[in-house]
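We're numbering straight along the sequence, starting at 1.
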Amino acid sequence: MISIICLDNRELAPPDTTLDDDLRLGETVTGFCPNTERQRVFLSVLTNLSDSRAELELRRGVLADFVSNPSLLSELRRELDELSRLHGEVNRDRARSASLSRGTYSEASSENQKHALIFLAVSVEKSLEVVVRIAELLRRSHPTSPRLCELMRHAESCTKYASELADICSRITSLLSNGGNMLVRLKINDGGRVCGFEFASGRVSVPTENTKSPLTIKSPLSIMKLFAKPSKPEKTAGDSTGNITSRAENTGNVNRADNTGNVGAKSNNRRAGQISAPETRTERRVQLPDPGSRLRNRLSYEAYVTLSNILSGFVRELIEGFSRLSDELTFYELALDYINMAKEKELPLCYPEIIEPESDQREPIEISRLYDLLLAGRALAAKDVVPNDICFPTGDSVANRADNVSDASRPDNDSGASRADNDSDASRPDNDSGASQADNVSVTGSADDNSSKAAGVPGILITGENNSGKTVYLRSVGMAQLLFQAGLPVPCESARMRIFSAVYTCYAAAEKEFVSGNDAGRFEQEVRVLSRLAESIQPNSLLLLNEVFQTTSYSEGAEGLYHILNYFMRHGVNFIAVTHLKELVPLYGGRIRHLVTAPGYRIEVATDTPS
């Protein structure tokens, strides 16, 4: 089975609902694909992160072939849809035939299996034609990606014996549909019972003027003779009214009827002194059960089932080798829709340079002028969205990296307020401390061999007013990481990014997390979520935190969050945390980067960052 998404041909898990909800992935994808069913495949790839560089490059290569030749994608989709349709019809017909036959050797069961075999043979012929067209399409397109070249070779291998198999299917269809002779060798056991059989040869009979039937029986024994139905007895001439007198040879008894059809009329006439006319007698032989019918039905039933199983095995190998490609093509179709939307809105796209986890590069993410894809999809053009830069600090030199991580040169404009409103979720109620739950948070993390040092890996804290762009900034970072590891371009001008093992989100206990009867308060809920994260989170991960520990006092919340974040840092998890707990910043003593919101929905390095 060939996959054009996964290097190891594994099946993708369903979309991660937590990432989907927290990062609003579904809403973002709706900007270029409103069909929710097609979104499912795209979101599965996004949320099931691949930590393999080879797999990331595999997807980039396949996408590059489709971008350079969109007709290849559309034609491949058409052929694979036809193959999926044939596969579905074969499965439904086999299920119907099995339910009707139920393993019996009756004449009706044999007839059902015969029709199922004919349908299956025709389906195999059509499936072979589709695979031949797929192989020809790929050869004609000259793909450059290794995985599409492998798919082409697989299709060619399936068509190697296509002509021979198509001929066999055609012969089966003609023999069973039009009548013909098939020679069968029967195996007899010591008890004289048929214990096996095999087909020797077969040919289609052609009726001639001298043949009374299209079935010509020739020696040696033909299987069609075994299958032939007993001939019906011919009626002998009766009297003028068509009345027949039956005689049962096995008893010798004769039932008589006069011309009125009344039995015993002769004796009544004699008693009355009447003389009746001589009776006309006709005979009908009673047909005894054919002793060979059960053998014929069994042989035909088992022969049809055997041939069906052989053909079904080939169909399974042939069709199921391509079965997953139909869904996987949906991912690339939406990827092309995303790229086309970016072109229409003049949104820059970039394939980030890949930073190896074991390299000396200290910053796990460096992005220049990153755009939020959700707002870009809703805006008329990219110029209506404010981009920002993203750059992590190093664990020991953050004081020397006080460069501005926002687009400071970008002027404010009146449309900025409306853009922020789209993402502020102003309808959500504020939490107990007045902090808005609308602000989404991205927390990033990576791990290298030195992640266990006391300083840990770097992190970012973001503080600022509500509805000032924190949500946009952090969601854009999370979305960029998912796009990057899915092998897709990122909406930015340039980027260098590390492959993370996983992306996690931890949002403030919002309405969706409260259920009726829950005895835990918001603070306790958040502690439980963070506790589960601490138990399951992997090194070299990206963590997204949003306004946690807001319902307790600022000093207590800051101290508690400080120890939790330190734990994650020591275990190789980079984070970006949006918080109102400004007391948290001085606790780190310059080991993290502190960002603040600025006018125009920009994010800048805080002035209190040590220099």
Check the angle between the aromatic planes of Phe66 and Tyr332 and answer parallel, tilted or perpendicular using the 30° and 60° thresholds.
-> perpendicular
Over all atoms of both residues, closest heavy-atom pair of Gly464 and Ser468 = C-OG, 4.3 Å
Hey, is the main chain of Thr47 close enough, under 3.5 Å, to the side chain of Gln485 for a donor-acceptor pair?
-> no
Got a sec, which residues hit side chain to side chain contact (heavy atoms under 4.5 Å, CB included) with Val132, two or more places apart in sequence or on another chain?
-> Thr159, Ala162
Would the Tyr504 and Phe568 ring centres measure less than 6.0 Å apart?
-> no
Output yes when Arg139 and Glu136 qualify as a salt bridge under the 4.0 Å nitrogen-oxygen rule, no when they do not.
-> yes
Carboxylate-amine/guanidinium proximity below 4.0 Å for Arg78 and Glu82 | no
Report yes if the side chains of Leu83 and Leu325 come closer than 4.5 Å at any heavy-atom pair, otherwise no.
-> no
Is the shortest side-chain N to carboxylate O distance from Arg85 to Asp81 below 4.0 Å?
-> no
Shortest non-hydrogen separation from Phe484 to Arg498 and the atoms involved = CE2-O, 3.5 Å
Under the 3.5 angstrom rule, does the side chain of Arg593 hit a backbone N or O of Cys391 as a donor-acceptor pair?
-> yes
Smallest heavy-atom separation, Leu533 atom then Thr505 atom, equals CD1-O, 4.3 Å
Heavy-atom closest pair, residues Asp65 and Ser145 = OD2-OG, 2.7 Å
Quick one: which of Ile365, Ile355, Ile367 gives a side-chain contact (heavy atoms from CB on, under 4.5 Å) with Arg496?
-> Ile355
Residues Arg532, Glu535: salt bridge by 4.0 Å N-O rule | no
pair Leu565-Leu584: side-chain heavy atoms closer than 4.5 Å = yes
Run the salt-bridge test on Glu57 and Arg60 with the 4.0 Å N-O cut-off and return the result as yes or no.
-> no
Among Glu150, Arg153, Met152, find the one that has a side-chain contact (heavy atoms from CB on, under 4.5 Å) with Ile2.
-> Glu150
Might you work through the side chain to side chain contact (heavy atoms under 4.5 Å, CB included) test for Glu346 and Lys383, ending with a clear yes or no?
-> CA-CA 8 Å; Glu346 300 180 349; Lys383 64 181 181 180; over 6 Å; no
Quick one: are Leu349 and Tyr338 in side-chain contact, heavy atoms under 4.5 Å?
-> yes
Could you tell me which non-hydrogen atom of Ile603 sits nearest to which non-hydrogen atom of Asn388, and how far apart they are?
-> N-OD1, 3.2 Å
Quick one: do Arg10 and Glu55 make a salt bridge, cutoff under 4.0 Å?
-> yes
Run the side chain to side chain contact (heavy atoms under 4.5 Å, CB included) check on Ile390 and Tyr473 step by step: do they pass?
-> CA-CA 9 Å; Ile390 289 88; Tyr473 183 90; 3.4 Å; yes
Side chains of Leu7 and Arg147: does their closest heavy-atom pair fall under 4.5 Å?
-> yes
What distance separates Glu156 CD from Leu138 CG, expressed to the nearest 0.5 Å?
-> 8.5 Å
Any donor and acceptor pair, going by atom type alone, linking the side chain of Asn48 with main-chain N or O of Ser44 inside 3.5 Å?
-> yes
Within the distance-only criterion (no hydrogens, no angle test), does the side chain of Asp389 pair as donor or acceptor with the backbone N or O of Arg369 below 3.5 angstrom?
-> yes
Output the distance between atom CG (Leu25) and atom CG (Leu482), rounded to the nearest 0.5 Å.
-> 6.0 Å
Distance-only, no hydrogens or angles: does the Asp20 side chain make a donor-acceptor pair with backbone N or O of Gly26 under 3.5 Å?
-> yes
Test Tyr351 against Leu63 for side chain to side chain contact (heavy atoms under 4.5 Å, CB included), laying out the working first.
-> CA-CA 12 Å; Tyr351 286 97; Leu63 181 58; 3.4 Å; yes
Worked verdict on Asp327 versus Arg40 for side chain to side chain contact (heavy atoms under 4.5 Å, CB included) | CA-CA 10 Å; Asp327 276 348; Arg40 179 186 58 81; 4.2 Å; yes
Does some side-chain heavy atom of Met479 sit less than 4.5 Å from a side-chain heavy atom of Leu23?
-> no
For Lys345 and Ala379, indicate whether the former's side chain and the latter's backbone hold a donor-acceptor pair under 3.5 Å.
-> yes
Looking only at non-hydrogen atoms, find the nearest pair between Leu46 and Ala486 and report the distance.
-> CD2-CB, 3.8 Å
Can any side-chain N or O of Arg77 pair as donor or acceptor with the backbone N or O of Ser326 at less than 3.5 Å?
-> yes
For the residue pair Asn466 and His580, establish whether any side-chain heavy-atom pair is separated by less than 4.5 Å.
-> yes
Could you grab the distance from atom CE of Met341 to atom CG of Leu347, nearest 0.5 Å is fine?
-> 6.0 Å
Exam field: side chain Asn340 to backbone Leu336, donor-acceptor pair closer than 3.5 Å | yes
Could you tell me whether the side chain of Val41 reaches within less than 4.5 Å of the side chain of Glu328, counting heavy atoms only?
-> no
Can you measure from CG (Leu375) to OG (Ser476) and round to the nearest 0.5 angstrom?
-> 9.0 Å
Got a sec, which residues hit ring pair (Phe, Tyr, Trp, His ring centres under 6.0 Å) with His154, two or more places apart in sequence or on another chain?
-> Phe322
Rounded to the nearest 0.5 Å, what's the gap from CG on Leu374 to CD on Glu27? Could you check?
-> 6.0 Å
Could I get the full list of side chain to side chain contact (heavy atoms under 4.5 Å, CB included) partners for Asn566, not counting sequence neighbours?
-> Tyr562, Met569, Arg570, Tyr588, Arg591
Inter-residue atom distance Arg59.CZ - Ile4.CD1, 0.5 Å rounding = 11.0 Å
Indicate yes or no: does Glu129 engage Lys126 in a salt bridge with an N to O separation below 4.0 Å.
-> no
Are the side chains of Leu483 and Pro491 in touch, meaning some heavy atoms are under 4.5 Å apart?
-> yes
